[in-house]
Amino acid sequence: MAKTEFRTPERLRKKLEHLRNPMRRIPSLTPGWKGASIALAITACSIYLVQAYYLLGSRGLGDYLIGTFLSVIAIGIITGLLAGLLSFARRMPSRYVWLALASFCLLFVSFIGPIPLMFIVTLSIIVSVSLLGALLAKWITGRYREVKRVTQIIAGIAFVLTVGIIGIGSYWLLHNGNPELDKPYRLQTIKPAERYLQTMLNPAEQGPFAVQTLSYGSANSYRQQFNAEGSLITKQVDGSAFVKNWSTLRTNTFGFGPDQMPLNGLVWYPVGQGTFPLVLIVHGNHTATEYSDPGYEYLGKLLASRGYIVASIDENFLNTSLYDDLFILHVLEKENPARGWLMLEHLKAWEAWNHTKGNPFFGQVDMDRIAIIGHSRGGEAVTVAAAYNKLPASPENGNVKFQYNFGIRSVISIAPTDGQYKPAGQPTTLQDVNYLAIQGAHDMDVSSFDGASQYHRIRFSDRSDDFKASVYIYGANHGQFNTVWGRTDGAGLGNKLFNTAQLMPIEEQLQAAKVLISSFLDATLRGKNEYRSMFQDLGYARTWLPDTMYISNYADAKTTIISNYDEDIDLGTTTLPGGKFIGENLEEWKEEKVEMKFITEQYSAVRIGWDRKKASGVPRYTVVLPPDGIRTQGNASVVFAMADRNDGPTEDNTEAPVDVSIQVEDRQGNKASLPLSSAGSLLPMFEGNIVKWPFMGSMPTKEPIFQNFTIKLADLKKVNPNFQPELLTSIRFLFDRTERGTVLIRDIGLRN
């Protein structure tokens, strides 16, 4: 029997073929893969060449070309292997898949910044440029001449839209963003001149001393300026116990290994007789071959003119070097303790010079009045140095002996990191040292106020006369505290993702740094206590500081702390034994670790929330003093730190400052109260949109910053003459002035 042959009808056969390959349904719009590949390769490589120059250009042309070539080859090999594995995706040629993957890697590295934006920008460039290249290739080769008119129109519209998207995207990248014009709580607005009698001199003005400069360095330094004629010679020091993974390439670049670290520094000093306090400044992490230490010349010249010897020290050889770190494959590790330890080794050199006849600094340095200033990782390094200064040996290696004990009285951290190094696994805790932390609200590197953690870990003994302060500056970024770093906190083209238009001019940020640092040093090293009042209330600096918004905090050794909320989990107990808390009619009452933009801080506070419409009585939070009481004097004050925690506007769509009443009571039941606003406005959380529109919501924009308040018992007695401060038994927060809100409170105490 003959086999019957079934033939598929021609029309059905064509339909099945179209189902098997859907791309044939629109053959005239099939991408021109060759054009897409060429366009994408040119775009990605061009952008990466610019980024590579940012990262490697400071090393010289040879290293720039070699490093760029090797990184592109490495990415090409890796993504080529991935493209081979994905070759089953037959709708796209493996060559294009390979180039797309390689381009993704190149572009992703080129736009280092917030990770969500890195993905968005990278994918947007790949898709739009590929589509543009494909359409252009089709037009150039004449493929669109043979298609229907409708298809040509669709292709033309796609071309125009693609060009428009690329144009808008390019403008978005090149534009600096949108400035924040509304600053309702400017310093001069909330601190009226009539409240502040100005008797102090501007600490940012040049002083009476002429200034000279010199350098010092170890022999055969990798930078000639440290071995210039007239430079002082220092010995190299062995820091191998403090770092790991020092590469051979790093040794070749700098000319030494970790066992021969140099002591290099730039010095500004006053011309005159007498002994002068010593100030050391250390930079943070930056490109190793784009030297950071000259960026503090503005501080060096100012402070030297005012009678300080200032040295900006070189630790660039501990910084990131993609070339020497084999593009993060062999990264230098554990270098943070080395940054602090090196500062102490510099102080050893200064101590020797101060006792060496013939040295230009013989008898000129007051080694009992020393301040150390650090920026970024250097801001953490100065706290490490202050901790090491009082230890007999390294916390991680008892065989590494310390014999320092220098007269470090003051520590200043500018936009510091915190917790990158923990001595013996513990947070760095300091006692009986003056401390100042400065942070910008628009910091695009250390985006959370990490220095607040160290601020709260500063402790004072009864014999101390030290104080600590913090200042949070709206419009300040990370880099403008260093003139080498400037307005860009990211790496190369990644800065194009940030809203730098919101930043204050660099001249204003430098002015803020000069005012705060100079006055802090005068207060802590020269005993000019009038400048201490400036940190208790920035209104005293209203004519010196740039007129932007600030939140400041202050505490000192003269304060008896009733509660800092770090002691236990019992809501009813105070840090001071015997005291207790009572909450009434509160919507929210809990103790918690303070949450910042990106981290949960290492200190606690009480969160108080209220809504008077829902409460059966006036919401209140009472601090009952221990039965034995606290010895108070007539000039004593109630002090505490408070932060606004409202996440949005009030019900009338405004952000008016929260106000409460502070009420005290004595043993006889006499009460007196004053509004919080009588001591200053509780400022809301500052919102800093550090990424461009429309992606502001992709990153946290605000965080609670504590500010100090002082309510004098003498002023409360004026309200009620029967009130007896020496018989004080309780302090009460009455939430009777703002309808609803949420605040954080800590560091409640009495200052005599």
Side-chain angles (χ1 to χ4, degrees), residues 36-87 93-113 115 118-119 121-123 125-126 129-130 133 173 222-223 243-258 285-292 316-335 488 490-497:
S37 300
I38 294 173
L40 184 55
I42 292 174
T43 301
C45 287
S46 298
I47 292 175
Y48 184 70
L49 285 172
V50 177
Q51 176 69 358
Y53 181 78
Y54 279 115
L55 299 175
L56 299 174
S58 61
R59 300 184 62 90
L61 180 61
D63 285 352
Y64 162 67
L65 294 175
I66 293 172
T68 304
F69 175 76
L70 291 177
S71 62
V72 171
I73 292 298
I75 290 174
I77 293 173
I78 294 170
T79 53
L81 294 173
L82 291 174
L85 294 174
L86 297 174
S87 61
S94 59
R95 178 177 58 187
Y96 175 79
V97 175
W98 178 16
L99 282 169
L101 290 171
S103 297
F104 181 89
C105 293
L106 293 172
L107 293 169
F108 197 76
V109 171
S110 295
F111 292 99
I112 297 174
I115 291 178
M118 293 171 67
F119 275 104
V121 170
T122 298
L123 292 175
I125 292 174
I126 289 174
V129 171
S130 295
L173 281 173
Y222 66 104
R223 291 166 61 187
V243 296
K244 292 184 178 179
N245 227 26
W246 186 289
S247 68
T248 303
L249 284 174
R250 189 175 287 268
T251 297
N252 292 337
T253 293
F254 297 107
F256 53 84
N285 193 37
H286 193 66
T287 303
T289 48
E290 185 178 26
Y291 308 127
S292 301
N316 292 278
F317 48 86
L318 295 175
N319 281 355
T320 297
S321 175
L322 290 181
Y323 190 90
D324 299 320
D325 297 338
L326 294 177
F327 286 81
I328 76 171
L329 297 178
H330 195 275
V331 179
L332 183 66
E333 298 176 354
K334 307 289 186 182
E335 96 289 349
T488 52
L493 296 174
N495 291 296
K496 298 301 180 182
L497 307 179

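Since the model is a prediction, treat every value here as computed from it, not as a measurement.
With V243 as the fixed residue, the side-chain contact (heavy atoms from CB on, under 4.5 Å) test singles out one of E335, R250, E333: E335.
Using modelled atom types, one side-chain atom of Q51 and one backbone atom of A491 make a donor-acceptor pair closer than 3.5 Å. Side-chain N or O atoms of N495 include one that pairs as donor or acceptor with a backbone N or O of G492 at under 3.5 Å. Judged by distance alone, with hydrogens and angles left aside, the side-chain atoms of D324 form no donor-acceptor pair with the main-chain N or O of S247 at under 3.5 Å.
Under the 30°/60° scheme for interplanar angles, the aromatic rings of F108 and F104 are found to lie parallel. Using cut-offs of 30° and 60° for the angle between ring planes, the Y53 and Y64 rings count as perpendicular. Between F317 and W246, the ring planes are tilted. Angles from 30° to 60° get that label.
Residues F111 and I47 meet the side-chain proximity criterion, which asks for heavy atoms closer than 4.5 Å. Using a 4.5 Å heavy-atom threshold, the side chains of N316 and E290 count as separate. Here the side chains of T253 and S321 are not in contact, with every heavy-atom distance at 4.5 Å or above. Counting heavy atoms from C-beta outward, L318 and L332 have side chains that approach closer than 4.5 Å. The side-chain heavy atoms of I78 and C105, taken from C-beta on, include no pair separated by under 4.5 Å. With a 4.5 Å cut-off on side-chain heavy atoms, L173 and L497 count as touching.
L49 approaches T68 most closely through the heavy-atom pair CD2-CG2, 3.6 Å. Heavy-atom minimum distance, A44 versus L107: CA-CD2, 4.0 Å. In terms of heavy-atom proximity, T287 sits nearest to S58 at CG2-OG, 4.1 Å. Considering all non-hydrogen atoms of both residues, A100 and L40 come closest at CA-CD2, 4.0 Å. Nearest heavy atoms, D63 versus R59: OD2-NE, 3.2 Å. For the pair I75 and T79, the tightest heavy-atom approach, listed with the atom from each and the gap, is O-OG1, 2.6 Å.
Within 6.0 Å of OH in Y323 there are more than 12 heavy atoms belonging to other residues, nucleotides or ligands. Summarising the local packing, CG of L249 is surrounded by more than 12 heavy atoms from other residues, nucleotides or ligands at distances under 6.0 Å. Residue W98 qualifies as open at atom CH2: its count of foreign heavy atoms under 6.0 Å is 12 or below.
Note: Y54 OH to I112 CD1 = 13.0 Å, rounded to the nearest 0.5 Å. Atom CG in L106 sits 9.5 Å away from atom CD1 in I126 (nearest 0.5 Å). In this structure, OG on S37 lies 11.0 Å from CD1 on I42, to the nearest 0.5 angstrom.
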